[in-house]
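Data block below; observations after.
First the proteins, then the strands, lettered A, B, ... as listed; each starts at 1.
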Amino acid sequence: MTDQPPVLDVRGLRVDFPGRHGTVTALSDVSLTIRPGEILGVVGESGAGKSMTGLAVQGLLEPPGHIAGGEVWLNGRRIDRLTEREMQKVRGREIGAIFQDPLTSLNPLFTVGQQLTETIRLHLPLGRTEARARAIELLAEVGIPAPAERVDHYPHQFSGGMRQRVVIALALAARPKLIIADEPTTALDVSIQAQITALLRRLCDDHGTAVMLVTHDMGVIAETADRVAVMYAGRLVEIGAVDQVLARPGHPYTRGLMGSIPALGARVPRLMQINGAMPRLDAIPPGCAFNPRCPDVMARCRTDRPEMRGKPGQGACACWLMEREEA
Amino acid sequence: MIVFLIKRLLNAAMVMLVVALLAFSIFRFVGDPIQLMVNEQTTQAERNELRENLGLNDPFLVQYARFVTNAVQGDFGMSYRNQQEVMSLIAERFPATIELVLMATIISLVVGVPLGVLTAIHRGRWYSEGLQFLSIIGVSLPSFVIGILLILVFSVILNVAPAFGRGEVISIGWWTTGLLTPSGRAALVLPSVALSFYQITLVMRLVRAEMLEVLRSDFVKFARARGVPAWRVHYRHALRNCLMPVVTMTAMNVGSLIAFALITETVFQWPGMGMLFIQAVTFVDIPVMAAYLCIVSFIFVALNTLVDITYALIDPRLRTARV
């Protein structure tokens with residue numbers, strides 16, 4: 001699996017938002033790859049740049065935000081320089097999207113069948129009846145009972161979990177090689193969450209689809225993802241195979257994120273918490289952005305920013321502690 | 001859906017009864033109808049007889065019931081001034097006003113909706129902001145000023161359109177239309193443009209505000225993420241979600257246009273109901289005023305009810321909702 005060329009290859013991505021009070025850099029130097037059939041979890045606090053990374057890859061940044069540096073390669077083609085018209089053919093066809101809130105992602109005035117056939121016919125050379133047949137197939141595939149009947153229902157006639165399945169069916173409509181799922185389970189009940197992540201996992205295994213799973217929930221990552229990328233204040237701080245990162249987190253921030261998940265059965269008097277809040281993007285401290293909240297902060301963390309460097313084993317981490325470990 | 005319909009219709013009937021009560025009270029209690037009908041030579045005995053014959057001595061509720069019964073059958077009595085049936089007076093004027101109002105409504109939608117969509121999509125561009133600015137002028141200029149300006153420019157200076165009247169009309173049954181003759185069509189242009197001006201700006205601003213709201217919604221972003229082309233996202237997915245308030249406002253405004261077309265009608269000497277009403281006010285012709293009140297209210301209420309039903313047709317969520 002690791003020998004295959006990556007579906008998505010993001011190199012040194014930088015996103016800027018020019019504003020009245022100067023330019024805010026929302027993402028800097030984000031590099032990651034996702035291989036076929038792989039789920040990459042992207043995790044971090046709100047505003048860390050997880051969703052931004054997904055939007056930038058899809059070319060859906062809200063103006064005036066734009067990609068100011070780096071490259072995005074999809075299936076061996078560079079896509080960050082494409083025109084809006086060319087990007088329309090990429091979105092939906094090569095990148096499927098799943099949004100956070102299934103209640104608001106679907107247009108309330110069209111049946112799910114209309115929305116499915118619209119997507120299918122935009123990307124695939126199918127007639128009306130073929131597209132409808134495929135819409136029903138898709139609904140069946142994502143586990144919607146009585147799909148032939150449900151296809152003519154409106155979004156409001158579905159429950160939240162069922163709507164998220166419809167959203168997934170929409171993302172799958174043209175069999176894209178990559179799916180960007182932005183907090184796909186956050187708005188759902190816990191019991192439904194597990195079903196949806198299991199569904200994603202299954203689709204990924206069945207079709208070799210690559211998935212970028214954006215979430216703030218380390219638990220979802222641990223259960224679903226193959227690799228994990230941890231983001232903080234618009235930068236990647238750690239990336240690696242899930243089991244390795246979970247077993248030996250390199251960055252104090254990653255450790256903090258994991259410490260805030262309660263373990264079942266274990267009697268913990270108090271969950272660990274990361275003190276303070278993530279800095280605003282226009283007020284990132286010099287050195288390592290995490291230094292004001294870091295329990296292991298050293299003098300040089302306040303002046304010099306650590307670069308991503310390979311950890312022993314697989315993966316990479318941006319922390320001065322790594323250097324000490326190596327030495 | 002049936003329950004919904006029945007509820008709405010009952011509602012409408014209630015409102016109409018209240019309006020009828022109001023109209024009746026004006027008719028009955030503003031001045032003495034007998035006083036207005038007779039001349040100085042009439043004796044007190046004759047007056048009393050007339051009062052008895054007209055049923056004005058009956059109890060209030062009986063008179064009110066009689067008024068409603070007659071009104072439902074389209075009988076609003078005789079006009080004091082020209083001794084004609086009020087209903088036939090209004091029927092004569094009705095087509096003129098309706099044609100004017102419908103024309104103005106069509107113009108306002110055809111021009112207003114695309115302008116609203118454009119200014120929303122291209123927010124921040126100079127032409128979009130320019131239109132936005134112009135629309136403020138449109139909202140704040142009174143319609144008679146616009147009417148007079150139009151007459152000045154197009155009738156007096158350029159002499160391309162008639163300044164007053166309805167031109168030649170053709171009768172189709174009891175309906176008279178100016179749409180079938182060249183002079184009738186020409187006469188319709190200026191008044192309907194003047195009347196639609198305010199509507200255009202209203203529709204445009206409403207569509208723009210709604211579009212900006214809808215364009216921020218998740219399903220619009222999700223539609224783009226599915227690869228739906230921009231024009232399709234704007235005109236199919238977003239615009240349709242904006243139409244509810246536009247439908248409401250347009251329908252409600254058809255009512256107010258009919259009621260308030262009287263200013264435009266006066267400026268352009270348009271022989272519609274507005275002119276009739278102005279004349280009725282001048283001569284204290286109370287039956288005409290009462291009838292006008294009832295008919296305009298009826299149009300209002302009917303349109304409101306229609307709007308509610310149209311809602312259910314546009315938005316599937318209301319169709320199945322238990323009301």
Answer yes or no: does atom [atom1] of [X] have more than 12 heavy-atom neighbours from other residues, nucleotides or ligands under 6.0 Å?
X: A/Glu86; atom1: CD; value: yes
X: B/Tyr127; atom1: OH; value: yes
X: B/Met103; atom1: CE; value: no
X: A/Arg175; atom1: CZ; value: yes
X: B/Phe197; atom1: CZ; value: no

Hey, which of [options] has the most heavy atom pairs under 4.5 Å with chain B?
options: A/Asp101, A/Val167, A/Ile95; answer: A/Val167
options: A/Val90, A/Leu106, A/Asn107; answer: A/Asn107
options: A/Ser105, A/Ala97, A/Gly92; answer: A/Ser105
options: A/Met87, A/Glu118, A/Arg93, A/Gln100; answer: A/Glu118

For the student: nearest non-hydrogen atoms of [X] and [Y], plus distance:
X: A/Leu109; Y: B/Arg240; value: CD1-O, 3.5 Å
X: A/Pro108; Y: B/Asn241; value: CG-OD1, 3.6 Å
X: A/Gln58; Y: B/Ala225; value: OE1-CB, 3.7 Å

key: Segment of A/Glu62 engaging chain B (4.5 angstrom heavy-atom cut-off)   =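 The side chain, not the backbone.
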
request  = Tell me, for A/Leu55 versus chain B, whether the close heavy atoms (under 4.5 Å) come from the side chain, the backbone, both or neither.
outcome  = neither

ask   = By number, which residues in residues 213-224 of chain B have some heavy atom less than 4.5 Å away from chain A?
value =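 B/Asp218, B/Phe219, B/Lys221, B/Phe222, B/Arg224 fall under the 4.5 Å cut-off.
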
key: Option passing side-chain contact (heavy atoms from CB on, under 4.5 Å) with B/Pro229 (candidates A/Gln88, A/Lys89, A/Glu84)   =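 Exactly one option meets the side-chain contact (heavy atoms from CB on, under 4.5 Å) with B/Pro229, and it is A/Gln88.
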
query = If only atom types and distance count, is the side chain of B/Arg226 paired as donor or acceptor with the main-chain N or O of A/Gln115 below 3.5 Å?
reply =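 Checked: pair present.
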
Which atoms of B/Arg236 approach chain A - backbone, side chain, both or neither, heavy atom under 4.5 Å = both

